[in-house]
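Letters A, B, ... are given to chains in the order of the sequence lines, protein chains preceding strands, and every chain is numbered from 1.
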Number of protein chains: 2
Amino acid sequence: MVARPKKRVKRSAPTMEDVAKLAGVSRALVSLVFRGEPHVSTERRERVLNAAAELNYRPNAAARALASHTNKTLGIMLQDLHDAYFAEVFEGIAVEADSHGYRLLIGTGGRRPEDEERTVESFLEYRVDGVILVSSMIDDSKLVGISQQVPTLVTGNYIRVPSIDTVNADNQRGAELVVNYLFELGHRRILHIDGGVELSSRPRSAAYWHAMEALGLTPHVIMGGYAEKGGADAAESILKMRRRPTAVFAFNDRVALGAMDRLEQGGITFPNEMSIVGYDNTLVSSLHPINLTTVNQPREEMGRLAVGTLIDRIDSHRQSAVHHTLQPTLIPRGTTRRIPVRSKTKQGSPRITTV
Amino acid sequence: MVARPKKRVKRSAPTMEDVAKLAGVSRALVSLVFRGEPHVSTERRERVLNAAAELNYRPNAAARALASHTNKTLGIMLQDLHDAYFAEVFEGIAVEADSHGYRLLIGTGGRRPEDEERTVESFLEYRVDGVILVSSMIDDSKLVGISQQVPTLVTGNYIRVPSIDTVNADNQRGAELVVNYLFELGHRRILHIDGGVELSSRPRSAAYWHAMEALGLTPHVIMGGYAEKGGADAAESILKMRRRPTAVFAFNDRVALGAMDRLEQGGITFPNEMSIVGYDNTLVSSLHPINLTTVNQPREEMGRLAVGTLIDRIDSHRQSAVHHTLQPTLIPRGTTRRIPVRSKTKQGSPRITTV
DNA sequence: ATGAAAGCGCTAACAA
DNA sequence: TTGTTAGCGCTTTCAT
């Protein structure tokens with residue numbers, strides 16, 4: 001036998017009115033207290049707070065937003081939290097937003113521009129105070145359109161208009177670091193597996209290209225992607241080459257790992273027969289059995305900076321853009337090594353030697 | 001010389017009133033159209049839609065929420081998106097919420113109950129339609145309190161009250177799978193590195209304990225944690241043991257990886273001298289150089305199921321709890337092997353042999 | 001099928 | 001320092 005509930009409590013949550021009544025003050029006074037206004041007598045403040053506590057009152061964010069035209073909320077568009085890159089940028093965003101008292105509305109775009117736009121649309125309905133688009137694939141012109149409706153910051157995008165702030169890691173510098181490092185180790189046949197349609201792929205591969213030419217080397221780029229699969233596919237092509245590279249610069253760590261995996265199956269050992277460099281310095285890359293040479297990007301800092309910059313625009317009504325570019329650093333680890341000086345003879349594809 | 005902007009546009013966004021005026025209908029009719037009500041003549045509908053498009057009108061979610069007492073938003077509390085476990089559960093949540101037309105308000109608790117409570121408090125101010133708490137460390141009694149204010153679903157928690165729905169993976173079964181598997185491979189000295197204060201640590205270690213005893217073996221649990229560090233510390237103790245285990249069952253993949261790393265530095269090779277099993281089947285565990293035997297939990301499915309169950313409670317006003325328990329599966333890979341039958345003699349700690 | 005009007009719970013002048 | 005009073009932009013009866 002199930003007991004029929006006897007409750008006869010007021011169904012909906014208490015309002016400011018209820019608190020005011022119980023405390024014997026006006027609604028406006030309650031509002032002042034809850035907004036932390038200084039010019040309220042301690043006595044009344046106490047009364048209000050007590051009444052609120054007694055009723056378990058909690059301000060209604062929607063009502064507040066409607067009346068005040070601000071909701072202390074930021075919309076964050078990410079492609080995919082599965083990916084360590086986004087997760088870590090987000091971590092920085094969360095920390096900084098929290099310290100400024102902002103809430104986060106989050107949406108994922110899944111690298112599909114239409115989905116991204118739907119997400120942003122949803123942010124706009126919410127009338128968020130600002131939006132951050134991480135590695136958005138939305139057209140520049142549409143981005144500008146968005147920025148005219150809400151304070152906007154993008155990261156991973158190189159757009160330069162007054163209405164959009166940006167935070168980026170210097171992809172160009174990162175690629176240069178890799179090429180020069182490999183060159184100094186004696187490598188000359190350095191191949192690049194790019195990021196496919198990924199946003200930062202273009203700047204990285206272009207920088208790779210330039211750095212190679214500046215060193216008098218022949219660039220060689222093959223198509224990759226943003227994840228392991230892209231690396232594995234690229235590895236497939238590499239295995240078929242008659243004259244394989246001595247070093248590979250992968251778009252990111254995941255691609256590098258995918259490539260290594262496949263190349264090792266093909267009998268190539270790292271770093272003995274080939275060197276490889278990733279990008280991102282994800283946690284996995286540092287694990288001992290992997291120990292991948294890579295490039296660090298200050299992702300959490302990017303996230304924090306993004307929020308700080310955006311909130312600055314919101315607060316100051318700044319009309320000009322701020323652009324931050326953070327510097328990456330090379331993290332040399334175990335998958336790269338100096339190329340041994342050897343006689344001109346063994347020029348063909350390297351024989352596979354069992355160690 | 002910076003040109004002074006000449007714009008004289010209406011500053012704030014257009015409202016329903018504006019649309020109504022332009023379309024020559026009442027505000028209520030516009031509302032009907034935007035809520036997709038069927039009983040509107042096609043002609044008027046068109047007019048409204050056109051007017052809205054012309055003005056670039058977008059409904060105000062706060063106003064809507066205030067008037068309708070619902071906002072099609074779910075609050076999601078996660079500990080830390082950095083962690084693949086949470087990221088993947090979230091992925092499932094995001095997909096399912098999207099397909100039901102719900103937005104997500106997200107907050108992280110960082111494994112600090114006070115922060116979790118602040119996050120939930122914020123959800124309540126928003127008057128979200130429901131909340132999902134992933135691996136919350138909030139007291140059961142407080143969870144009950146929350147569930148009285150908003151439809152609530154928890155995952156990772158075994159609480160059983162009518163007001164809270166739950167979604168869990170069967171941690172007990174997972175631990176049994178591991179112990180039995182190792183037993184079948186001939187292992188008898190199976191040590192468990194637990195998850196420390198982590199929520200699912202208790203059920204897993206308890207199940208390990210029972211499974212061991214059921215097999216007539218002596219359980220041995222040492223303290224770990226939820227990340228690499230915990231594993232490394234535990235490995236330190238293992239290296240000091242005079243009679244080392246032949247197999248280790250780690251709380252999760254990260255702990256396993258941390259432990260392996262440290263143990264390998266101590267000269268132990270896997271799986272030759274020791275077997276090790278993780279938990280979670282994170283992407284890293286599948287990478288070739290790691291190739292960790294582990295237990296898979298259907299994380300995305302957990303996320304999807306959580307949202308589906310919660311929305312069901314919201315829609316149906318269900319007053320009784322629904323509990324889902326999903327089954328884990330063992331993923332045998334390269335870090336475990338059958339123990340070789342050997343003479344009773346070599347019982348001491350294994351000599352370290354260079355391969 | 002459509003319109004009129006009363007809120008939803010709060011903030012923001014303005015008065016007092 | 002505190003109270004009064006319009007709204008904020010929408011939904012929701014209730015008429016028609």
Identify, with sequence neighbours excluded, every residue that meets ring pair (Phe, Tyr, Trp, His ring centres under 6.0 Å) alongside Tyr57(A). Phe34(A)
Partners of Arg313(A) by salt bridge (charged side-chain N to carboxylate O under 4.0 Å, His left out), sequence neighbours excluded? Asp165(A)
Kindly give the atom pairs (protein nitrogen or oxygen, nucleotide nitrogen or oxygen) under 3.5 Å for nucleotides 14-16 of chain C.
none

Here the distance between atom C1' of dC8(C) and atom CG of Asp18(A), to the nearest Å, is 13 Å
Can you tell me the distance, in whole Å, between the CG atom of Asn71(A) and the P atom of dC10(C)? 15 Å
By side-chain contact (heavy atoms from CB on, under 4.5 Å) - contacts of Gln149(A) (at least two apart): Leu124(A), Asn56(B), Arg58(B)
Provide, to the nearest angstrom, the distance between the NZ atom belonging to Lys21(B) and the P atom belonging to dG9(D). 12 Å
Between dT11(C) (P) and Lys72(A) (NZ): distance, integer Å: 13 Å
Rounded to the nearest Å, what distance is computed from the CG atom of residue Leu66(B) to the P atom of nucleotide dG7(C)? 14 Å
Work out how much the helix from dA1(C)-dT16(D) to dA16(C)-dT1(D) bends between its end axes, five pairs an end, to the nearest 10 degrees. 30°
In chain order, what residues pass the side-chain contact (heavy atoms from CB on, under 4.5 Å) check against Ser141(B), with sequence neighbours excluded? Asp139(B)
Let me know the distance between CD of Glu125(B) and C1' of dC10(C), rounded to the nearest Å. 13 Å
Between Ala62(A) and Pro38(B), name the one whose nearest nucleotide on DNA chain C is closer to the 5' end. Pro38(B)
Show every ring-ring contact (aromatic ring centres under 6.0 Å, His included) that has at least one partner inside residues 135-166 of chain A, sequence neighbours left out. none
Verify, without hydrogens or angle tests, whether Thr73(A) (side chain) and Asn71(A) (backbone) share a donor-acceptor contact under 3.5 angstrom. yes
Residues passing the side-chain contact (heavy atoms from CB on, under 4.5 Å) test with Glu17(A), sequence neighbours excluded, are Thr15(A), Lys21(A), Arg27(A)
For residues 122-151 of chain B, which residue pairs pass the ring-ring contact (aromatic ring centres under 6.0 Å, His included) check, not counting sequence neighbours? Tyr126(A)-Tyr126(B)
Take the protein atom NE2 of His39(A) and the nucleotide atom C1' of dT1(D), then report the distance between them rounded to whole Å. 9 Å
Counting primed atoms, P, OP1 and OP2 as sugar-phosphate and everything else as base, the B/S/- map of nucleotides 10-16 of chain D against protein heavy atoms under 4.0 Å is BBB----
Listed partners of Leu310(B) passing side-chain contact (heavy atoms from CB on, under 4.5 Å), at least two apart: Leu74(B), Ile132(B), Pro151(B), Leu153(B), Ile314(B)
Check whether any side-chain N or O of Asn157(A) sits under 3.5 Å from a backbone N or O of Ser136(A) as a donor-acceptor pair, and report yes or no. yes
Checking Glu117(B) now: which residues fulfil salt bridge (charged side-chain N to carboxylate O under 4.0 Å, His left out) with it, not counting sequence neighbours? Lys142(B)
